[in-house]
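Below: one structure, written as structure tokens.
This one's a predicted model, so the numbers in the text were calculated from it and none came from an experiment. Only heavy atoms go into these numbers, but all of them, side chains included; no hydrogens, no water, no symmetry mates.
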Amino acid sequence: MPNYSGELRPVAAARFAIIASRWNPGIVDVLVDGAQRALREHGVADEVVDLVRVPGAWEIPVAATKLARAGKHAAILALGCVVRGDTRHYEHVADNCAQGLMRVQLDHGVPVLNGVLAVERHADAQARAGGMHGNKGEEVALAAMEMVDLWGKL
């Protein structure tokens, strides 16, 4: 994936965290696999990728805050899936998760990549978890590596 400089430099020395929701595991596990595969394909060893599982998307920002405060990770990848239902719960969870993740990266200066799908139907999620729209876990991992590369240049 080309970036601002035309190529992605190796970021093998960086440590990454993946925070993944246990809710909607059929979708989220595919996102996690995609992220891990992309990191591995770009020279990031499994040993420097920490996988943290949380109950749902609502809990992802607080886990990201704890990891960012610890200062051990060059980037944090957030993966989850929120599917619209019959109530407003969807909006509360999806919107506040996104706002929380933005707050973590602004407050701590650590790139936090939002791979939490907010979709209308399960079919929409499947299309973004290895289906016709690719794998958003992979895309988030590529963006995380790009940000780590950029941070190394600034």
Side-chain angles (χ1 to χ4, degrees), residues 1-83 93-94 97-106 108-119 121-153:
M1 175 178 171
N3 63 20
Y4 54 91
S5 63
E7 65 182 62
L8 187 62
R9 293 184 320 158
V11 292
R15 184 164 207 89
F16 293 85
I18 299 172
I19 305 171
S21 166
R22 287 194 306 270
W23 196 261
N24 289 315
I27 298 299
V28 177
D29 290 349
V30 175
L31 298 175
V32 170
D33 290 344
Q36 290 173 325
R37 184 177 55 254
L39 291 167
R40 198 175 301 116
E41 287 173 358
H42 285 85
V44 177
D46 291 339
E47 296 77 36
V48 297
V49 179
D50 297 316
L51 177 60
V52 176
R53 292 287 187 162
V54 296
W58 185 259
E59 293 79 20
I60 293 173
V62 72
T65 298
K66 187 155 183 75
L67 290 170
R69 281 185 183 149
K72 296 178 184 175
H73 299 94
I76 299 168
L77 294 70
L79 302 175
C81 179
V82 183
V83 181
V93 173
C97 178
Q99 290 172 10
L101 294 174
M102 179 60 74
R103 185 170 143 202
V104 172
Q105 71 176 355
L106 293 175
H108 299 282
V110 175
V112 178
L113 293 296
N114 186 352
V116 179
L117 303 177
V119 297
R121 300 176 315 271
H122 280 279
D124 298 329
Q126 291 168 333
R128 289 161 179 77
M132 66 159 70
H133 293 296
N135 186 311
K136 297 304 176 189
E138 178 181 349
E139 291 176 20
V140 165
L142 293 171
M145 289 183 283
E146 183 176 339
M147 290 300 293
V148 169
D149 179 38
L150 176 61
W151 258 221
K153 293 178 178 178

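- Taking all atoms of both residues into account, the shortest heavy-atom contact from Ala74 to Pro111 is O-CD, 3.3 Å.
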- request: Decide yes or no on side-chain contact (heavy atoms from CB on, under 4.5 Å) for Ser21 and Ile60, but give the supporting numbers first.
  value: CA-CA 7 Å; Ser21 166; Ile60 293 173; 4.3 Å; yes

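- The side chain to side chain contact (heavy atoms under 4.5 Å, CB included) check on Arg53 picks up Ala20, Arg22, Val28, Asp29, Val32, Leu51, with sequence neighbours excluded.
- Counting only distance, with no hydrogens or angles, the side chain of Trp151 and the backbone of Gly109 share a donor-acceptor pair below 3.5 Å.
- Here the options are Val119, Ile27, Leu117, Asp124, the test is side chain to side chain contact (heavy atoms under 4.5 Å, CB included), and the partner is Val83; only Val119 passes.
- When every heavy atom of Val54 is checked against every heavy atom of Ala63, the shortest pair comes out as CG1-CB, 3.8 Å.
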task: Apply side-chain contact (heavy atoms from CB on, under 4.5 Å) to the pair Leu142 and His42, showing each step before the final yes or no.
output: CA-CA 9 Å; Leu142 293 171; His42 285 85; 3.4 Å; yes

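- Checking side-chain atoms of Asn24 against main-chain N and O of Cys81 turns up a donor-acceptor pair under 3.5 Å.
- Between Arg128 atom CZ and Glu139 atom CD the span is 10.0 Å, to the nearest 0.5 Å.
- Across Leu77 and Ala35, no two heavy atoms sit closer than the pair CD2-CB, 4.2 Å.
- Using modelled atom types, one side-chain atom of Arg15 and one backbone atom of Glu47 make a donor-acceptor pair closer than 3.5 Å.
- A 6.0 Å sphere centred on NE2 of His122 holds no more than 12 heavy atoms belonging to other residues, nucleotides or ligands.
- Checked by atom type and distance alone, the side chain of Asn135 pairs as donor or acceptor with a backbone atom of Val30 at under 3.5 Å.
- For the pair Leu79/Lys136, no side-chain contact is recorded, criterion being any heavy-atom separation below 4.5 Å from C-beta on.
- Side-chain atoms of Asp46 and Gln36, non-hydrogen and from C-beta on, never get closer than 4.5 Å to each other.
- Side-chain contact check for Glu41 versus Arg37: some heavy-atom pair is nearer than 4.5 Å.
- Contact between Val104 and Ala64 at its shortest, heavy atoms only, is CG1-O, 3.8 Å.
- Of all heavy-atom pairs between Leu67 and Ala17, the closest is CD1-CB, 3.7 Å.
- The residue from Val112, Ile18, Val52, Thr65 that alone fulfils the side chain to side chain contact (heavy atoms under 4.5 Å, CB included) condition with Ile76 is Val112.
- Scanning all heavy atoms of the two residues, the minimum distance from Leu101 to Ala78 falls at CD1-CB, 3.6 Å.
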